Amino acid sequence: MHHLDPYRARTVLPLDREHSAGWQLKRYAILADDRAFSNEVAAAATAAAFDRLPEAGTLVDAAGNHGVGFQLIHFAETAVVSPVFHWQWGSVLAHIDQLRAPWEAPTRFDTGKTEVFGCVWEMEIVTFETRAWTSTMLSDHGTPPERLKAYLEKLAT
C-alpha cells in the first residue's frame with residue numbers, strides 16, 4: 001500500500017468483551033486486505049492492554065475513569081497496532097500509549113508511536129464508540145448500570 005492510495009474500507013470484526021481487574025473492554029479487530037484474524041494475537045494484545053491500563057475506577061466515579069473502554073486490534077500492513085481507549089470524568093475519552101507488535105513477533109506488544117492517536121480506519125470506530133457513549137451513558141434513559149448495559153451492547157461493524 002502506498003501512503004496516498006485511495007481509501008478502501010477494511011473488514012471490522014466485533015470481538016467478545018473482556019473483563020479483568022475491574023475493567024470492561026469492548027474489542028474490535030480491523031483487517032487490512034492481506035491480513036487474517038488470529039485469536040492468539042488478539043489475546044496477546046488484550047493482555048498487553050490490561051497490563052497498561054490504570055487501576056479501574058467505578059461507573060459512578062466523577063473524578064477518575066469508569067473502568068470501561070474499548071480496544072482496536074488492527075492487523076495492518078506493517079504491524080499489529082492496538083490503540084486502547086477508556087472513558088473518564090463522564091464525557092472524556094482517554095487512551096494509553098499505542099501498542100504495537102511487529103509481524104516477525106506478532107504477540108510481543110511494545111509501545112509504538114506515543115504521539116499517534118490512530119489511523120482513519122481506527123478513527124471510524126472511535127467515532128462510533130463516541131456516539132454510542134453519548135447516546136447511552138450521557139442520556140437520561142435508565143439508571144447508570146442500565147445505560148452501561150446498553151452501551152456495551154452497541155457494536156460497530
Side-chain angles (χ1 to χ4, degrees), residues 1-54 56 65-89 91-139 147-157:
M1 177 178 159
H2 183 270
H3 72 283
L4 293 177
D5 281 348
Y7 171 84
R8 289 189 354 203
R10 294 188 173 174
T11 300
V12 173
L13 305 172
L15 304 176
D16 291 340
R17 282 192 310 257
E18 290 287 335
H19 308 269
S20 181
W23 280 100
Q24 296 186 72
L25 282 184
K26 293 168 76 172
R27 300 180 317 138
Y28 299 93
I30 303 169
L31 306 178
D33 286 340
D34 60 343
R35 299 297 178 187
F37 176 77
S38 162
N39 279 317
E40 180 184 16
V41 171
T46 301
F50 284 131
D51 284 344
R52 289 171 174 86
L53 280 164
N65 74 67
H66 305 303
V68 177
F70 57 96
Q71 177 179 28
L72 311 177
I73 305 164
H74 193 165
F75 294 78
E77 293 87 355
T78 59
V80 183
V81 180
S82 184
V84 180
F85 303 90
H86 60 91
W87 295 102
Q88 62 185 36
W89 308 324
S91 61
V92 174
L93 184 60
H95 69 95
I96 63 172
D97 288 343
Q98 179 193 68
L99 301 173
R100 187 175 197 279
W103 278 114
E104 298 78 41
T107 60
R108 192 187 78 229
F109 283 87
D110 293 316
T111 299
K113 300 283 186 182
T114 58
E115 71 275 10
V116 172
F117 193 72
C119 70
V120 295
W121 295 278
E122 295 157 2
M123 291 303 98
E124 288 179 346
I125 299 172
V126 171
T127 299
F128 173 88
E129 287 294 325
T130 301
R131 289 183 178 141
W133 184 265
T134 302
S135 69
T136 57
M137 292 307 298
L138 302 182
S139 76
R147 292 184 292 198
L148 178 60
K149 183 178 184 299
Y151 167 72
L152 293 172
E153 290 173 351
K154 287 186 178 231
L155 298 173
T157 55

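Everything numeric in this text was worked out from a predicted model, so none of it was measured.
In this structure, R27 and I73 have side chains that are in contact, with non-hydrogen atoms separated by less than 4.5 Å. A heavy-atom distance below 4.5 Å is found between the side chains of V84 and I96. Between F109 and R100, every side-chain heavy-atom pair lies at or beyond the 4.5 Å cut-off. Between T111 and L99, the closest side-chain pair of non-hydrogen atoms is not below 4.5 Å. Side chains of E40 and T107 form a contact here, defined as non-hydrogen atoms less than 4.5 Å apart. F37 places a side-chain heavy atom less than 4.5 Å from the side chain of L13. A heavy-atom distance below 4.5 Å is not found between the side chains of V12 and W121. Residues F50 and L25 meet the side-chain proximity criterion, which asks for heavy atoms closer than 4.5 Å.
Residue A79 comes nearest to A101 through the heavy atom pair CB-O, 3.3 Å, listed as atom of the first residue, atom of the second, then distance. Looking at every heavy atom in both residues, V41 comes nearest to P106 through CG1-O, 3.5 Å. In this structure, R35 and A76 approach most closely via the heavy-atom pair NE-O, 3.3 Å. Residues F75 and V80 come closest through the heavy atom pair CD2-CG2, 4.5 Å. Here the closest heavy-atom approach between residue A56 and residue A21 is recorded as CB-O, 3.5 Å.
Between the CD atom in E153 and the NZ atom in K26 there is a gap of 9.5 Å [rounded to 0.5 Å]. Between the OG atom of S139 and the CZ atom of R147 there is a distance of 5.5 Å, given to the nearest 0.5 Å. To the nearest 0.5 angstrom, E124 atom CD is 7.5 Å from T127 atom OG1. To the nearest 0.5 Å, atoms CG (L155) and CZ (R17) are separated by 7.5 Å. Here CG of L15 is found 10.0 Å from CG of L72. Values are rounded to the nearest 0.5 Å. In this structure, CE on M123 lies 9.0 Å from OG1 on T130, to the nearest 0.5 angstrom.
Using cut-offs of 30° and 60° on the angle between ring planes, the pair F85 and H95 is tilted. In this pair, F70 and W87 present their aromatic rings tilted. The plane angle is within the 30 to 60° band. Using a 30° and 60° split on the angle between ring planes, H66 and W133 fall in the parallel class, below 30°.
Q24 and Y151 share no side-chain donor-acceptor pair at under 3.5 Å.
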| said: Apply salt bridge (Lys or Arg N to Asp or Glu O under 4.0 Å) to residues E77 and R10 and explain how you reach the verdict. | reply: CA-CA 12 Å; E77 293 87 355; R10 294 188 173 174; 2.4 Å; yes

| request: Evaluate side-chain contact (heavy atoms from CB on, under 4.5 Å) for Q71 paired with S82, printing each intermediate quantity in order. | output: CA-CA 7 Å; Q71 177 179 28; S82 184; 2.9 Å; yes

| So H86 and V68, side-chain contact (heavy atoms from CB on, under 4.5 Å) or not? Walk me through it. | CA-CA 6 Å; H86 60 91; V68 177; over 6 Å; no

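A cation-pi arrangement is absent between K154 and F128, since the terminal nitrogen or guanidinium carbon is not both under 6.0 Å from the aromatic centre and inside a 45° cone about the axis.
The main-chain N or O of A43 is never found under 3.5 Å from a side-chain atom of T46 such that the two would form a donor-acceptor pair.
In this structure, W103 places its CH2 atom where more than 12 heavy-atom neighbours from other residues, nucleotides or ligands lie under 6.0 Å away. Atom CZ of R52 has more than 12 neighbouring heavy atoms from other residues, nucleotides or ligands inside a 6.0 Å radius.
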